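What you are looking at is a predicted structure, and each value in this text was computed from that prediction instead of being measured. The first residue in the sequence is number 1, and the count goes up from there.
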Amino acid sequence: MAETVQALDTIPRLLARNVARHGSKTAYREKEFGIWQSWTWSEAAQEIEAMACGMIALGLQPGESVAIIGRNRPSLYWSMVATQMCGAIPVPLYQDAVATEMAYVLEHCGARFVVAGDQEQVDKVIEVQETVTGIDQILYVDKRGLRKYDHTQLNAVADVIAEGRAGVQRLKPELDKRVSALSGDSTCVMLYTSGTTGKPKGVVLSNRNIIETSKNTVDFDDLRSGEEVLAYLPMGWVGDFIFSIGQAMWTGFCVNCPESSSTLQTDLREIGPTYFFAPPRIFEVHLTEVMIRMEDSGRFKKWLFDHYMAHAKKVGPKMLDGEPVGFGDRLKYALGNILIYGPLKNTLGFTRIRVGYTAGEAIGPEIFDFYRSLGINLKQLYGQTEASVFITQQPDGQVRGDTVGVPSPGVELKIADSGEVFYRSPGVFVEYFKNPESTASTKDSEGWVATGDAGFIEEGTGHLRIIDRAKDVGKMADGSLFAPKFVENKLKFFPNILEAVVLGNGRDRCTAFLNIDLTAVGNWAERNNIAYSSYQELAGHPQVLDTLQSHVEEVNASVAQDPMLGGCQVHRFIVLHKQLDADDGEMTRTLKVRRPVIEEKFSDLIAALYDGRSEISTETEVTYEDGRKGKIAATLEVRDAAVQPIATQQQVAAE
């Protein structure tokens, strides 16, 4: 009988299918103490079933929420499936969330159980119990440091699994009953939005949302059971859930968990994933590291790199898309692959990638083209938590840096008169938990969802182009278009610039805040024997400011070539004395800038950018790693940047 989504309409049923079909195939790997440990689908299913029985023994009831907090580990992914088998709702959280952020989500979702990765996460949960009511059980994976804790409400996951195994005869009938009661409409997961404009919202996604989206997108890219993925992204993010649970369960491919963030690059090289996702920030960091190494290399090696990368930029994307390329160019590219591209991909861990995606924010076209020129099949997708990730994807052969692709299978798009993008699909969320007003304002009665992004669909190609967040797109004082993300992405292409915030809505000109990349700029300082004692001192160094000014002016020259957005050139800028930080509320946990917070927090700096001052003294509150608050004071230089005449449509057409 043909396999259908209806026959496999829940994650536990997909697990049972994978045991029957791929029982002896490796399903999960985890690196611990430098050694990779593996579990087959059959072994993983046994662990999950025993964990579910143990949770039932502890009193977990259908419909209750189970919060999951920690780094990517097979046991935490298993706890999500075990929770579903119990008829309860998994709620993964961001592991780097501070206790106050965690408290809001735990209280809002009403979690009775929490599965924590280690002592750090247990400590945060215990701290929030002073204000959060209803947490009855805390399960933990790593026992280190927890031996002397009060275990009245604490249980090791290993002990819960052992309890489940010991009581399987007694508990299995109840578990089977709960699994049988699940359907495509049952809640698969609840994920909280990053909260760029307010409190995070709990997005309820059903089994149907996740499974149909997984099936459609797996078919789109011809993903197979032999794929290898590296699960390193935050477990509280919808992307990790769709890749490491949804698509992994649908295809039966292997999920690999690194040992820690510090060993990520080594683990990435050892696994050599064939299917890979990373937000733009990851690709920016990798590119910065490459450029730093090249600056440190000898003159001949640097020349060789520049020479062959220039050729790769010219022909690499064409070869990747199957376009005709001359024999001489192919031969030179093959030589470049031996000397430069191959070793570089191996260093990055990207040698085996068949399909790679980036999303979350727009990636700078220059960064995107760099990776594709190496022969890496990197594509863009556009999505949201509310869509079970996928709204658009780029088909092979139609990959471009200036679009986010065509509608994913099963997705419909429309553009409102205001320019806002709307979609509907099988992946559209059920509701915002305990928030019917926001649900109604986001999703209409026909299932159309407002994305909050402004864009348009190209005639002829059907590709979607995103201009910016709809709330961020505005008008300059002269009526020209203001789209800050377009300029910010160009600025972040430079390894020295980690973050950029462009200002100017309703004003006569654009200005910007910049953050230096401490790794790149610190390396430059070391090469030039420039001493510095802090981030603040390095960010204000005259030579650093000169370098960043040249970057801004180079971006201005590029922006000026776009008749529609040429008015967004940066006239003045300040290099901030601190990095924008999620702990300070300036960014979300997914590293998206919170513009309203920044505009309020740095209002004195914004005033200086527009009133002609050449410097300003300021004091800013910061949060230290241990949670303490403090203040840092600085006198910042305000720099002017040269701008260029805006190209006309006729000039662009002539080129």
What are the two closest non-hydrogen atoms of [X] and [Y], and how far apart are they?
| X | Y | answer |
| --- | --- | --- |
| P409 | N216 | O-ND2, 3.4 Å |
| T251 | L223 | CG2-O, 4.2 Å |
| F276 | F350 | CE2-CE2, 3.7 Å |
| S42 | V19 | OG-CG1, 3.8 Å |
| G246 | I210 | CA-CG2, 3.8 Å |
| R372 | N377 | NH1-OD1, 3.5 Å |

Under 3.5 Å donor-acceptor, [X] side chain and [Y] backbone:
| X | Y | value |
| --- | --- | --- |
| R178 | M85 | no |
| E227 | R224 | yes |
| K124 | A97 | yes |
| N256 | V229 | yes |
| K172 | G167 | no |
| T588 | K592 | yes |
| Y371 | F283 | yes |
| N207 | I11 | yes |
| E101 | V98 | yes |
| Q394 | Q380 | yes |

Stepwise side chain to side chain donor-acceptor pair (under 3.5 Å) test for Y382 and Q393: CA-CA 7 Å; Y382 170 63; Q393 295 170 265; over 6 Å; no
Would the [X] and [Y] ring centres measure less than 6.0 Å apart?
| X | Y | value |
| --- | --- | --- |
| F433 | Y192 | no |
| W237 | F277 | yes |
| Y341 | Y333 | yes |

Full working for side chain to side chain contact (heavy atoms under 4.5 Å, CB included) between Q95 and E120: CA-CA 9 Å; Q95 68 162 338; E120 178 188 357; 5.9 Å; no
Check against side chain to side chain contact (heavy atoms under 4.5 Å, CB included), C254 and R29: CA-CA 8 Å; C254 182; R29 288 194 194 94; 3.6 Å; yes
Over-ring placement of R73 relative to W78, 6.0 Å and 45° cut-offs: no
Is the shortest side-chain heavy-atom distance between [X] and [Y] below 4.5 Å?
| X | Y | value |
| --- | --- | --- |
| K25 | S225 | yes |
| S425 | V428 | yes |
| V389 | T213 | no |
| K492 | L498 | no |
| P74 | C257 | yes |
| F390 | L381 | yes |
| R165 | I161 | yes |
| V115 | M55 | yes |

Classify the side-chain pair [X]/[Y] by whether it contains a donor and acceptor separated by less than 3.5 Å.
| X | Y | result |
| --- | --- | --- |
| D267 | T263 | yes |
| Q37 | Y28 | no |
| T217 | Q247 | yes |
| S262 | S260 | yes |
| T152 | D150 | yes |
| D136 | Q153 | no |
| W36 | E270 | yes |

Derivation of the side chain to side chain donor-acceptor pair (under 3.5 Å) call for Y149 and D123: CA-CA 10 Å; Y149 279 49; D123 285 345; 2.6 Å; yes
Over 12 non-hydrogen atoms of neighbours within 6.0 angstrom of CZ in R293: no
Would you call [X] and [Y] a salt bridge, using N to O less than 4.0 angstrom?
| X | Y | answer |
| --- | --- | --- |
| R208 | D9 | no |
| E228 | R354 | no |
| R281 | E284 | yes |
| D118 | K143 | no |

Drop me the distance from [X]'s [atom1] to [Y]'s [atom2], to the nearest 0.5 angstrom.
| X | Y | atom1 | atom2 | answer |
| --- | --- | --- | --- | --- |
| I271 | L264 | CD1 | CG | 11.5 Å |
| T358 | I282 | OG1 | CD1 | 9.5 Å |
| D219 | W250 | CG | CH2 | 8.0 Å |
| S75 | E30 | OG | CD | 6.0 Å |
| I367 | L287 | CD1 | CG | 6.0 Å |
| D159 | L139 | CG | CG | 10.0 Å |

Pair N337-Y308, side chain to side chain donor-acceptor pair (under 3.5 Å): steps then yes or no: CA-CA 9 Å; N337 195 49; Y308 279 105; over 6 Å; no
Verdict with supporting geometry, V238 and L205, side chain to side chain contact (heavy atoms under 4.5 Å, CB included): CA-CA 10 Å; V238 67; L205 297 171; 4.2 Å; yes
Side chain to side chain contact (heavy atoms under 4.5 Å, CB included) evaluation trace for H286 with Q265: CA-CA 10 Å; H286 281 316; Q265 195 57 47; 2.6 Å; yes
Side chain to side chain donor-acceptor pair (under 3.5 Å) between D240 and S244, intermediate numbers included: CA-CA 6 Å; D240 182 69; S244 303; 3.2 Å; yes
Salt bridge (charged side-chain N to carboxylate O under 4.0 Å, His left out) evaluation trace for K379 with D221: CA-CA 11 Å; K379 305 192 285 186; D221 283 309; 2.6 Å; yes
Name of the residue among V66, V91, V430 meeting side-chain contact (heavy atoms from CB on, under 4.5 Å) with M190: V91
